[in-house]
Amino acid sequence: MNRTSRRHKLLLISGIITAGAVALAGCSSTKASSSASTKPSKVTLVVYSAQGYDHAMTAAFTKATGIPVKLDDNSTGPLLTQIEASKNNPDWGLLWVDGATAFAGLDQQGLLQKGFEPTVKWDSLGQASVPSDKSYTPTGVTLMAAMVYDKTKMTNPPSTWQQLLSSTYKGEVGMNDPSQSGPTYPFIAGMMNYLSGVNAGESYFTKLKANGLIIHPTNGPTLQALISGQIKLALVQSSAGIGAVLGDKKLTVKYLDPVTVLPSAIGIDAKAPAAERAEAEKFISFVLSPAGQKVMQSGDPTGDSLYYPVLQGVSPLPALPSLAGVKTQTIDPYTWGTREATINTWFDGTIVR
């Protein structure tokens with residue numbers, strides 16, 4: 001073979017090799033592009049919440065994880081109404097409110113994901129608040145109801161629940177509406193539990209109404225009624241009461257025996273897409289992480305941040321009194337959760353009306 005023919009042959013082989021390399025590169029590029037296009041994107045986590053620190057928490061969670069969050073912040077009653085109205089086609093991913101009874105009721109309807117528990121070390125309050133089927137997760141504890149009053153005007157505050165029925169306090173007692181205020185139903189259920197039954201509890205609140213009980217929607221308006229002088233004794237959530245005392249040193253908080261333990265909790269929508277449920281689990285883990293606990297304790301310093309932690313190694317804020325001297329009771333959320341709608345309907349129709 002002469003030199004010219006050999007040169008032509010070498011050029012031909014080189015061209016074939018080059019074309020093959022380009023073809024292989026093209027295949028690799030196509031495969032990489034296909035892989036990138038199938039990588040799952042982060043879906044939006046829809047959070048229903050009635051917590052005062054929820055805006056701060058969702059912002060911190062998104063910053064830490066990159067997961068977008070849509071927050072629906074409202075009172076507990078309206079949020080539960082939304083869930084009930086859309087239970088066949090739910091549009092929420094996670095619910096975060098006060099009161100384990102609400103979650104027990106949702107669990108018994110099959111609306112909560114079961115079996116998830118974050119990897120944390122619970123303290124005694126946390127251990128007592130985790131349900132056996134792990135359908136919701138406790139995040140903190142407050143008390144219901146705290147009795148708040150102006151110590152410069154109320155020199156003889158009652159020392160028992162029965163004394164509230166005395167003519168001494170006629171027209172002076174105020175509390176919240178359970179259809180609006182999430183913490184209030186557990187208080188009513190707690191009184192029924194303490195008095196040994198629904199009928200006895202209904203009789204107690206009927207007598208309280210006859211003695212001039214005044215109802216406002218939530219903690220804020222009830223405390224405002226106290227400050228304005230409309231009432232002299234406000235029965236509200238402990239966090240709201242302690243927060244009010246921080247702002248007005250004439251006010252004080254007293255607990256009548258017994259006071260009901262009120263866990264705040266998070267539950268995941270069982271019908272949400274798998275990707276959103278996975279993000280909800282990450283949110284719960286973040287809330288109970290050291291970073292999340294800092295947000296909970298700083299996001300609403302004169303309100304919901306005034307809770308008793310459910311984790312070992314986390315101390316309550318200094319404004320919170322020790323529970324050592326407080327007689328508390330814990331009600332079974334699964335016993336009282338099924339009765340919530342019926343009792344709230346009775347209360348609104350008989351006491352609020």
Side-chain angles (χ1 to χ4, degrees), residues 50 76-77 79-80 83-84 87 95-118 120 122-146 161 175-179 181-205 235-239 255-268 270 284 307-311 323 326-348 351:
T76 301
L79 292 176
L80 293 175
I83 289 175
E84 178 65 25
K87 65 182 180 181
L95 174 69
W96 192 8
V97 298
D98 293 326
T101 52
F103 290 94
L106 294 173
D107 184 23
Q108 289 169 322
Q109 295 181 65
L111 298 180
L112 296 181
Q113 173 183 290
K114 304 176 190 290
F116 171 73
E117 183 177 356
V120 296
W122 302 112
D123 62 16
S124 58
L125 290 173
Q127 291 172 357
S129 302
V130 177
S132 59
D133 66 356
K134 300 176 182 178
S135 58
Y136 59 87
T137 303
T139 59
V141 163
T142 53
L143 303 175
M144 193 67 193
W161 290 110
M175 62 175 285
N176 306 339
D177 181 348
S179 68
S181 167
T184 301
Y185 171 71
F187 163 55
I188 296 169
M191 289 300 297
M192 291 178 171
N193 183 74
Y194 161 60
L195 296 169
S196 302
V198 172
N199 290 339
E202 289 179 348
S203 175
Y204 177 84
F205 283 105
L235 303 177
V236 296
Q237 189 175 6
S238 61
S239 52
Y255 297 112
L256 302 179
D257 297 341
V259 64
T260 300
V261 171
L262 179 71
S264 61
I266 296 179
I268 300 171
I284 294 172
Y307 68 93
Y308 293 94
V310 292
L311 300 172
L323 287 178
V326 180
K327 184 178 180 181
T328 63
Q329 67 166 350
T330 300
I331 61 173
D332 182 349
Y334 285 87
T335 296
W336 292 99
T338 56
R339 301 171 175 174
E340 184 162 359
T342 301
I343 291 174
N344 280 355
T345 298
W346 171 84
F347 194 93
D348 275 352
I351 307 302

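Here the straight-line distance linking atom CE of Met191 with atom CZ of Phe205 works out to 5.5 Å at 0.5 Å rounding. To the nearest 0.5 Å, atom CZ of residue Arg339 and atom CD1 of residue Ile188 are 14.0 Å apart. Atom CG of Asp177 sits about 7.5 Å away from atom OG1 of Thr184, to the nearest 0.5 Å. Distance CE/Met175 to CE/Met144: 6.5 Å, rounded to 0.5 Å. Between atom CG of residue Asn176 and atom OH of residue Tyr185 there is a gap of 16.0 Å, rounded to the nearest 0.5 Å. One finds the CD1 atom of Ile343 at 7.0 Å from the CD atom of Glu202 (value rounded to the nearest 0.5 Å).
Taking every heavy atom of both residues into account, Gly267 and Phe103 meet most closely at N-CE2, 3.3 Å. For the pair Gly190 and Ile331, the tightest heavy-atom approach, listed with the atom from each and the gap, is CA-CG2, 3.9 Å. Of all heavy-atom pairs between Leu79 and Ala50, the closest is CD1-N, 3.9 Å. In this structure, Ala102 and Leu80 approach most closely via the heavy-atom pair CB-CD1, 3.9 Å. Taking every heavy atom of both residues into account, Ala270 and Gly110 meet most closely at CB-O, 3.9 Å. Closest approach of Tyr255 and Ser238 over heavy atoms only: OH-CB, 3.4 Å.
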Quiz prompt | Residues Tyr136, Ile284; criterion side-chain contact (heavy atoms from CB on, under 4.5 Å); working and verdict | solution = CA-CA 10 Å; Tyr136 59 87; Ile284 294 172; over 6 Å; no
Exercise. Apply side-chain contact (heavy atoms from CB on, under 4.5 Å) to the pair Leu125 and Leu323, showing each step before the final yes or no.
Key: CA-CA 11 Å; Leu125 290 173; Leu323 287 178; 4.3 Å; yes
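Between the side chain of Trp161 and the backbone N or O of Pro258, at least one donor-acceptor pair lies under 3.5 Å. The closest donor-acceptor contact from the side chain of Tyr307 to the backbone of Ser264 lies at 3.5 Å or more, if one exists at all.
The closest side-chain heavy-atom distance from Val130 to Val310 is not below 4.5 Å.
Residue pairs meeting the side chain to side chain donor-acceptor pair (under 3.5 Å) criterion with at least one partner in residues 122-131, sequence neighbours excluded, are Glu117-Trp122.
Here the options are Thr101, Asp98, Asn193, Val261, the test is side-chain contact (heavy atoms from CB on, under 4.5 Å), and the partner is Pro186; only Thr101 passes. Checking Thr260, Leu262, Val259, Leu235 one by one against Phe187, the side-chain contact (heavy atoms from CB on, under 4.5 Å) holds for a single residue, Leu235.
Judged as a side-chain contact (heavy atoms from CB on, under 4.5 Å), and not counting sequence neighbours, the contacts of Asp133 are Asp107, Lys114, Pro131, Ser135, Tyr334. In this view, Thr335 and Asp332 satisfy the side-chain hydrogen bond (donor to acceptor under 3.5 Å, both in side chains) rule, not counting sequence neighbours.
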